[in-house]
Amino acid sequence: MAVRGIGFVGMRSDRLDETVRLFRDVIGVPVTRQAGDLVGFRLSDGTVLELYGPGDAFHAFFKTGPVVGFRVDDFDATRQAMIAAGVGFIGDVQHADGESWQHFHSPDGTIAEIIGPGAPPA
């Protein structure tokens, strides 16, 4: 197993419109998804950046600052090794387009995520 890079960054913002304008209009990151208080971007290297406003309840657990998703070679094997080591995961495994991801608690309480090729949940 190896971490290959950052595949995801998620940030909550009480000033969503201004933060979106910063990334979209000033920095030039294209918007790829918008649903309510969720705005998604894709960086040129493929990394997903998502911003969540106060009305996005699904990501309410993003309380420790930006949440980083570590890209791994094999999601299922990495997740099993983490479970065996006692890592606590949040919610269910999510899956789309051949990739799986799930958030977890780091030992210091920071929320992070693993993301990579994986099998759809049964």
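No experiment lies behind these values; they were computed from the predicted model shown. Hydrogens, waters and symmetry mates play no part in the numbers below; they use all other heavy atoms, side chains included.
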Is a side-chain N or O of Arg12 found less than 3.5 angstrom from the main chain of Gly53, in a donor-acceptor match? yes

Please check if Phe104 and Ile83 belong to a single hydrophobic cluster, counting links between Ile, Leu, Val, Met, Phe, Trp and Tyr side chain heavy atoms closer than 4.5 Å. yes

Is any side-chain heavy atom of Phe62 closer than 4.5 Å to one of Tyr52? yes

When you look at CG of Asp45, are more than 12 heavy atoms from neighbouring residues, nucleotides or ligands closer to it than 6.0 Å? yes

Side chains of His105 and Ile90, heavy atoms from C-beta outward: is any pair under 4.5 Å? yes

Rounding to 0.5 Å, atoms CZ (Arg21) and CG (Leu16) come to a distance of 9.5 Å

If you count heavy atoms of other groups shown closer than 6.0 angstrom to CG of Asp14, is the number above 12? no

Minimal heavy-atom distance between His95 and Ser100, with the atoms involved, is ND1-OG, 2.7 Å

Just how far is it from atom CG of Leu43 to atom CD1 of Ile6, taken to the nearest 0.5 Å? 11.0 Å

Are Phe23 and Val20 in one and the same hydrophobic cluster, where Ile, Leu, Val, Met, Phe, Trp and Tyr link if side-chain heavy atoms are under 4.5 Å apart? yes

What heavy-atom pair brings Phe8 and Thr47 nearest, and what distance separates the two atoms? N-CG2, 3.9 Å

Enumerate the salt bridge (Lys or Arg N to Asp or Glu O under 4.0 Å) contacts for residues 29-38, please, sequence neighbours excluded, ordered by first and then second residue. Arg33-Glu50

Same cluster or not: are Trp101 and Met11 linked, directly or through other Ile, Leu, Val, Met, Phe, Trp or Tyr residues, by side-chain heavy atoms under 4.5 angstrom apart? no

Closest non-hydrogen atom pair between Asp76 and Ala119, with its separation: OD2-N, 2.9 Å

Please examine the side chains of Val87 and Arg79, heavy atoms only from C-beta on, and report whether any two atoms are closer than 4.5 Å. no

Membership question, hydrophobic clusters at under 4.5 Å side-chain separation (ILVMFWY): are Val67 and Ile115 in the same one? no

For the residue pair Gln94 and His103, establish whether any side-chain heavy-atom pair is separated by less than 4.5 Å. yes

What's the separation between atom CZ in Arg4 and atom CG in Asp73, rounded to the nearest 0.5 Å? 4.0 Å

Please, which pairs that meet salt bridge (Lys or Arg N to Asp or Glu O under 4.0 Å) have at least one residue in residues 113-122, sequence neighbours excluded? none

Just to verify, what does Arg71 make a side-chain hydrogen bond (donor to acceptor under 3.5 Å, both in side chains) with, not counting sequence neighbours? Glu99

With the side chain counted from C-beta on, respond yes when Phe70 and Thr78 share a heavy-atom pair under 4.5 Å apart, and no when they do not. no

Hydrophobic clusters here meaning ILVMFWY residues chained together by side-chain heavy-atom distances under 4.5 Å, can you tell me if Phe58 and Leu51 are in one? no

Check: Gln102 side chain, Gly91 main-chain N or O, donor-acceptor pair, under 3.5 Å: yes

